[in-house]
Amino acid sequence: MADKQHTDPERMEKIVSLCKRKGFIFQSAELYGGLNGCWDYGPLGAEVKRNLKDYWWRKNVQERDDIVGLDGSILTHQAVLTASGHVGGFSDPMVDCRHCKGRFRADNLDGMQCLKKPSCTPGEGADCDLTEAKEFNLMFQTTMGASADENDPNAIAYLRPETAQSIFTQFKNVLDTSRMKLPFGIAQIGKAFRNEINPRNFTFRSREFEQMEVEYFCHPDDGMKLTDDWLEARLTFYEEIGLPREKLHVLDVPEKDRAHYSKKTYDIEFDFPFGCQELEGVAYRTDYDLSKHQEAGGKSLEYFNEQTKEKFVPHVVEPSAGCDRTVLALICEAYDEEEVTDAKGKTDTRTVMRFHPRVAPVKAAIFPLLKKNEDQVRVCREIQRELECYMTVFYDESGAVGRRYRRQDENGTPFCITVDFDTIGENGEELKDTVTFRHRDSMEQERLPISELLPRLLKEIR
Ligand code: GAP
């Protein structure tokens with residue numbers, strides 16, 4: 001059972017500070033005081049996020065012949081979100097405090113702070129004066145078209161609150177064009193937007209975020225079993241990107257907490273330093289969405305099984321993962337500090353981001369031992385050119401080699417390649433064209449021929 005109360009704010013503070021210092025994640029519009037609930041990924045963060053999305057796509061589309069992809073629009077027709085129930089019902093309960101003027105999510109007051117007395121949970125301080133809870137719709141609304149008038153209902157569109165809806169509304173087009181047979185899935189990665197009342201825990205609860213979703217369509221008889229199968233597949237995925245099984249927890253969501261149309265929902269949770277929190281939901285949504293769009297759109301979304309001659313609205317199982325939350329979990333899991341002792345017996349603390357090589361932002365750093373040695377630099381650049389069309393690598397010649405290693409440890413680079421005097425044949429033929437290959441986690445080094453670098457790295461990072 002997960003310990004939801006266990007938190008480590010000090011560790012979280014160090015992680016947030018490293019994210020800024022090393023260029024993983026910055027506050028959006030920081031120059032202007034910040035845009036609350038929005039984040040920009042810096043050079044290293046952008047690589048981790050891309051690697052995660054690529055691996056998810058590979059596992060859920062490329063390596064599956066029963067799943068195809070979609071890239072739907074973010075701006076969404078209001079009729080779509082009316083039919084899905086979002087226009088009327090996608091809201092959280094909100095309370096205002098008449099005293100501190102704070103606005104809080106009413107069902108999530110624990111962990112919130114009174115604006116005047118931060119040691120108090122809203123409602124618990126002597127002066128707190130909370131209003132009755134009222135529902136606050138989380139969708140961002142906009143008006144479309146140059147001549148659009150704010151009061152013209154036909155001009156209203158929304159930024160999508162989940163990627164799922166375009167999958168449902170394009171179900172028939174995908175079915176007809178790809179000629180898939182049930183069970184089959186449609187996968188999508190993309191931005192979603194929710195005007196969260198209290199964005200918090202760094203990127204964990206944001207107003208703009210990315211989702212990675214599969215809508216897996218099936219016969220009604222298969223829904224429950226497929227939900228269990230998807231849960232296992234998703235747990236395996238998290239292990240494959242470096243989140244250990246013992247830090248992943250499955251919550252079998254009780255009926256009273258499930259969406260009314262869901263027959264089964266599992267939440268996959270992770271032990272973040274701010275507590276055990278949801279990474280992904282695996283939900284059996286029955287035929288709710290397709291039926292609603294069929295009814296409102298007036299066109300049949302039924303599936304015809306040519307063998308059994310059965311006609312029905314497919315049911316759907318939905319593994320829906322948060323991309324930003326997973327990146328945050330990867331960063332939190334990777335962060336480590338260890339005491340190391342150098343050859344002279346001096347100890348200090350090494351900060352190391354122990355990313356799995358699959359998601360590490362830079363796969364290998366390439367150093368000349370001496371930047372003034374033209375032959376070493378030339379060989380480094382040749383190695384760089386060979387590797388960079390397959391993966392992100394980084395050339396660095398500044399400072400002592402030990403310091404360069406440490407910088408890469410903090411970036412999470414799993415391998416460092418150093419070109420030295422042996423490489424260029426100054427110490428004989430035996431070691432010519434070999435380099436040192438240093439492992440980030442153990443700090444051990446091995447000697448490898450340059451010709452083995454590419455196949456070795458490709459094997460390590462796949
Ligand atoms: N289509 C189903 C759906 O959207 P959800 O549980 O509301 O279900 C799925 O969202 C996932 O999206 C969550 O498990 C979480 O990882 C991510 N997510 C939801 N709201 C988020 C937010 N405000 N910030 C970051 N990620 C969020």
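Every number for a ligand or one of its atoms is a count from 1 in the order of the listing. Every value quoted in this text rests on a predicted model; they were computed, and no experiment measured them.
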Measure [X] to ligand 1 on non-hydrogen atoms and call it side chain, backbone, both or neither using the 4.0 Å cut-off.
X: Glu318; value: side chain
X: Arg285; value: side chain
X: Leu279; value: backbone

What is the closest protein heavy atom to [atom], and at what distance does it sit?
atom: atom 7 (O) of ligand 1; result: Arg194 NH1, 2.8 Å
atom: atom 12 (O) of ligand 1; result: Gln211 NE2, 3.2 Å
atom: atom 17 (C) of ligand 1; result: Gly322 CA, 3.7 Å
atom: atom 8 (O) of ligand 1; result: Ser320 OG, 4.0 Å
atom: atom 18 (N) of ligand 1; result: Phe209 CE1, 3.6 Å
atom: atom 26 (N) of ligand 1; result: Arg325 NE, 3.4 Å

Nearest heavy atoms of Ala164 and Arg285, plus distance in Å: CB-NH1, 4.5 Å
Nearest atoms (heavy-atom pairs only) where Leu81 meets Met139: CD1-SD, 3.9 Å
Numbered atoms of ligand 1 (with element) below 4.0 Å of [X], judged on heavy atoms:
X: Glu278; value: 6 (O), 13 (C), 14 (O)
X: Glu280; value: 14 (O)
X: Phe204; value: 24 (N), 25 (C), 26 (N)
X: Ser206; value: 22 (C), 23 (N), 24 (N), 25 (C)
X: Glu162; value: 1 (N), 2 (C), 3 (C), 4 (O)

Do the non-hydrogen side-chain atoms of Asp289 and Glu318 ever get within less than 4.5 Å of each other?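 Sidechains of Glu318 and Asp289: no contact.
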Kindly indicate whether the side chain of His293, heavy atoms from C-beta on, has any atom under 4.5 Å from the side chain of Gln165.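 The answer is yes; the side chains approach within 4.5 Å.
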Cation over ring, Arg200 on Phe204, under 6.0 Å and within 45°? no
Establish, for the pair Arg438 and Tyr405, whether the NZ or CZ atom is under 6.0 angstrom from the six-membered ring centre and no further than 45 degrees off its axis.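 Output yes; distance and angle both within limits.
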Give the table of side-chain donor-acceptor pairs shorter than 3.5 Å for residues 31-45, with sequence neighbours excluded, one pair per line with atom names and distance.
from  : atom 1 : to     : atom 2 : distance (Å)
Trp39 : NE1    : Phe202 : O      : 3.4
Tyr41 : OH     : Asp324 : OD2    : 2.7

Is there a donor-acceptor pair under 3.5 Å between the side chain of Thr163 and the backbone N or O of Gln211?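 Judged by distance alone, no pair lies under 3.5 Å.
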As a test of understanding, state which of Tyr288, Tyr303, Tyr261, Tyr284 forms a ring-ring contact (aromatic ring centres under 6.0 Å, His included) with His315. Tyr284
With sequence neighbours excluded, give me every side-chain hydrogen bond (donor to acceptor under 3.5 Å, both in side chains) pair touching residues 11-20.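 Residue pairs with at least one partner in residues 11-20: Lys14-Glu337, Lys20-Glu30.
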In terms of its nearest heavy atom to atom 1 (N) of ligand 1, the top option of Gln277, Glu213, Glu210 is Glu213
